[in-house]
Each structure stands twice: as C-alpha cells, then as structure tokens.
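Structure incoming, see below.
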Amino acid sequence: VDLSTTIAGAHLDNVFFNASGVWCQHEEELQALLESGSGSLITKSATYEHREGNPSPRYLPLPSGIGSINSMGLPNEGYEYYLNYARKFDYTHAKPLFISLSGLSLADNVKMVEAFVQANLPCILEVNFSCPNVPGKPQLGYDIDAMDAALATLAPLIKKPFGIKLPPYFDIAHFDQVAAVVNKYDNLAYVTCINSVGNGLAIDLDTETALIKPKDGFGGLGGLMVLNTALANVNAFYRRLPGKQVIGVGGVVSGKEAFLHILAGASAVQIGTQLKEEGPAMFDRIKKELTEIMEKKGYKSVEEFRGKVKTL
Ligand SMILES: O=C(O)c1[nH]c(=O)[nH]c(=O)c1I
C-alpha cells in the first residue's frame, strides 16, 4: 500500500513524523529520526535565544497509561542552531525538514523568519501559536485577533507555503473564527492540530502531590486521552479550509488512531507521547499496523480514504 503524502509541496514517503518538541531538540535526536521509519521530521520550537526551559520534573507519562503531561517551558538551542542544521541538511534526502518557530514576541518571530527567508532553504516553516507552558505568556492560539495580526505580518514575509501549530478548540464558533483567519492567507498551506490540551493537572494519590514541578503542576496533556479532541479539530479544519491541508497529531499510539486521523482529514500524522515513550523504532511498528488496516479494508493509498469519515 502507498502511505506517501505531500505537505506544502514537499513529498513524504510516508505520512508519519514526530510531533514538534519530541525527539528533536538536538542534532543527535534529529539524526535518529532521519535514520528511523518516519516520513519526515520537525525541529523543537525555537526561540530567538537559547532557553533552559522549566525546572524538572517537567514531563511524565501518566500512571494511568492514558497519556502524558508536560510543562517543558520551551527549552531549545536558540533559532540559529536550527538554522545551521537547516543549512547542513541534505535536501536530496527522501525526508523533508520542517522547522518550528515559537518566538516570545512578534518581533522575535519576525527576526527568526527573516533569517530563514534570507537563507532561502527548502525547509518548511511552521509557526507555533500554541505553547501553553511559558509562565506569563498566554498562547496566541487563544487570542484569535492577535494570531490574525501576527499572520498579517508573517505570511507576507515567509512568502513560501508554511504552516501553523494550533491548540485544541472546544467550541464550534472558535473553529469558525480560526478558519476565517486562516483562510485569509494564501500561503498558509496547512495547520497542525492539535498541540497539547493546555494546563491539565496530574496528582499522585499516595503523595498527594502534583506530578510535575513547574506552574504548580499545570501542564499540557497528550497521548491517547486527547485522541477524540484531536480528531474533532482535524475534521473541523478539514471541513473549513478548502485548498489547505491539516496535519493530525494527538492520541496516535498505533496504526488504528493514525487511520482515524487520516479518515478525519489528516494529510500527515505526527506522534508525540508514544514516540517519547517508545523511541523512533515506533515508526516501523505503526507503519506496519496502518498498512495492515488498509489491506484489510482494501485501500491502496491514504488518498482513497482521507477525509472520508461518514456521518449518520
Ligand atoms: O513546554 C513546551 O516546550 C511545549 N509543550 C507543549 O506541549 N507544546 C508546545 O508547543 C511547547 I513550546
């Protein structure tokens, strides 16, 4: 079966890659993704300066096994590290490179975008509007006018097709409002849905203590428990963004959830929590599982069923 796809004009041999933030902060991790069964790779969201991020423990899988909680706080090597990586990257490689940018201000995003545009590299830029874990920095994804204003500045600067990383929305009116903004920008080629479900709280029964240290234990939720919110956001934006694409992320632990994301409309599928827990070998497992599901159902390519979720 054919698991290949094209995102923002770039060809991926298979639909799978890492969720930004997981296995992608350092070159060694990115190299492991290059050598894995993934179809692509995306870097950890970059800020203008290097950041240590929040104090640990700041990521944990939940004892219940249904997901994870993280309040990393945007730890990253600073954008120049990822710009240098993008300069050295072998673009003849079968895997396209995505670069995630998450400036702490619009001015920082402008400076980082200008540097990448100046370098004129084949990598695809993705602006992260949805980091929930920087104390004192409300995420732009939930300030729709501010996100629109940022895009009005950034889209013309980027010129080429690019994407944005969105938080989960939980109200039909918000799907409508965000789609109306996204549809204003012709080169905004795709949206990645969803980022973690922000500011959850995990508490240990025995110690009666929050699991993670930052922000009184408040952090973004990921893993299987967010699957159905992720499917809704993928499908809501698939229905509302004609001519654009959706990358699905959230709750993919096997070929089954990947199949459901594609059925909901995803052009590619990213994995975070499960990749963090299982490592890059996971990509071979999940490709095999999706292939088996497709063969059982008689689908030859992901194009045949993308977005074809039925309603009653
Ligand atoms: O805490 C983080 O670094 C982080 N954590 C997330 O769950 N999503 C994000 O976009 C980011 I930038």
Side-chain angles (χ1 to χ4, degrees), residues 3-12 14-17 19-20 39-40 42 45 96-102 109 113 116-117 122-130 139-169 171-195 229-250 252 258 260-270 301-309:
L3 300 184
S4 72
T5 189
T6 301
I7 295 285
H11 176 79
L12 289 72
N14 75 71
V15 291
F16 295 108
F17 57 121
S20 175
S40 184
I42 184 167
S45 292
L97 173 64
F98 291 74
I99 297 285
S100 178
L101 301 174
S102 185
N109 271 325
V113 161
F116 272 93
V117 170
C123 53
I124 297 162
L125 297 183
E126 178 176 293
V127 183
N128 180 1
F129 285 134
S130 45
Q139 54 162 290
L140 231 53
Y142 289 152
D143 181 342
I144 297 169
D145 290 338
M147 186 163 63
D148 188 4
L151 285 168
T153 296
L154 296 172
L157 282 181
I158 295 170
K159 297 186 194 62
K160 296 193 304 184
F162 74 106
I164 58 175
K165 179 72 169 282
L166 291 173
Y169 299 97
D171 188 293
I172 300 299
H174 293 165
F175 293 141
D176 293 337
Q177 290 162 24
V178 171
V181 168
V182 170
N183 281 323
K184 288 168 62 175
Y185 303 97
D186 293 345
N187 62 320
L188 177 40
Y190 73 88
V191 296
T192 301
C193 302
I194 59 173
N195 208 316
T229 291
L231 292 177
N233 278 260
V234 166
N235 192 237
F237 289 114
Y238 179 77
R239 291 174 184 279
R240 288 172 174 76
L241 303 177
K244 298 182 188 290
Q245 295 177 285
V246 182
I247 295 181
V249 50
V252 179
L260 296 176
H261 264 271
I262 297 166
L263 201 59
S267 289
V269 177
Q270 296 177 345
S301 80
V302 292
E303 313 299 328
E304 283 177 33
F305 63 97
R306 174 177 300 119
K308 298 276 195 298
V309 57

So do the side chains of H11 and T5 get within less than 4.5 Å of each other, counting heavy atoms only?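 When only atoms from C-beta onward are counted, T5 and H11 do not touch, as no gap falls below 4.5 Å.
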Whether the side chain of S40 engages the backbone of P96 through a donor-acceptor N/O pair (distance < 3.5 Å, no angle test) should be reported. yes
Nearest 0.5 angstrom please: N14 CG to L3 CG, how far? 6.0 Å
Decide whether S45 and S102 meet the rule of one side-chain donor and one side-chain acceptor closer than 3.5 Å.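 No, no side-chain donor-acceptor contact under 3.5 Å.
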What is the minimum heavy-atom distance between A266 and G248, and which atoms define it? CB-N, 3.7 Å
Is it the case that the side chain of K165 and the backbone of V191 share a donor-acceptor pair, with hydrogens and angles ignored and the cut-off at 3.5 Å? no
Straight-line distance of L125 CG to L97 CG, nearest 0.5 Å: 9.5 Å
Under the ring-ring contact (aromatic ring centres under 6.0 Å, His included) rule, what do Y185 and F162 come out as? Steps first, then yes or no, please. CA-CA 10 Å; Y185 303 97; F162 74 106; 8.0 Å; no
Which heavy atom of V246 sits nearest to which heavy atom of F237, and what is that distance?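 Taking every non-hydrogen atom into account, CG2-C, 4.0 Å.
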Tightest non-hydrogen contact, residues F175 and A232, listed as CZ-O, 4.4 Å
Does the side chain of I247 come within less than 4.5 Å of V269's, by heavy atoms?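 Side chain of V269 against side chain of I247, heavy atoms only: no contact under 4.5 Å found.
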Separation between CG (L166) and CD1 (I194), nearest 0.5 Å, reads 10.5 Å
Would a distance-only check, ignoring hydrogens and angles, find a side-chain to backbone donor-acceptor pair under 3.5 Å from D143 to Q139?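 Not a single qualifying donor-acceptor pair exists.
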In short, V302 meets S4 closest at the heavy-atom pair CG2-O, 3.5 Å
Taking the side chain as everything from C-beta on, heavy atoms only, tell me whether V182 gets closer than 4.5 Å to K244. yes
According to salt bridge (Lys or Arg N to Asp or Glu O under 4.0 Å), does anything in residues 172-193 pair up with another residue at least two apart or in another chain? List the pairs. D148-K184, D176-R240
Residue list, side chain to side chain donor-acceptor pair (under 3.5 Å) with E304, at least two apart or on another chain: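 Expected list: none.
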Side-chain atoms of residues 151-161: list all donor-acceptor pairs with protein atoms under 3.5 Å, sequence neighbours left out, distances to 0.1 Å.
residue: K159; atom: NZ; partner: L157; partner atom: O; Å: 3.4
residue: K160; atom: NZ; partner: L121; partner atom: O; Å: 2.6

Restricting to pairs with a member in residues 261-270, which pass side chain to side chain donor-acceptor pair (under 3.5 Å), not counting sequence neighbours?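 For residues 261-270, and leaving out neighbouring residues, the side chain to side chain donor-acceptor pair (under 3.5 Å) pairs sorted by first residue read Q245-S267.
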Student check: side-chain heavy atoms of T6 and L12 closer than 4.5 Å: no
Looking at every heavy atom in both Y142 and P168, which two are closest together, and how far apart are they?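 Smallest heavy-atom distance, with atoms named: OH-O, 2.6 Å.
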Pair Y190-E126, side-chain donor/acceptor within less than 3.5 Å: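 Result is yes, a qualifying pair exists.
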Of all heavy-atom pairs between V249 and A19, which one has the smallest distance, and what is that distance?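 The answer is CG2-CB, 3.9 Å.
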Can you tell me how far apart CD1 (I262) and CG (L231) are? Round to the nearest 0.5 Å.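 It comes to 11.0 Å.
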State which residues pass ring pair (Phe, Tyr, Trp, His ring centres under 6.0 Å) with F17; sequence neighbours excluded, sorted by chain then number. F98
When rounded to the nearest 0.5 angstrom, what is the spacing between CD in Q177 and CG in D145? 8.5 Å
Spacing of CD1 belonging to I124 relative to CD1 belonging to I99, to within rounding of 0.5 Å: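 The distance works out to 10.0 Å.
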Going by the rule side chain to side chain donor-acceptor pair (under 3.5 Å), which residues pair with S130 if we only count those two or more places apart in sequence or in a different chain? N128, N195
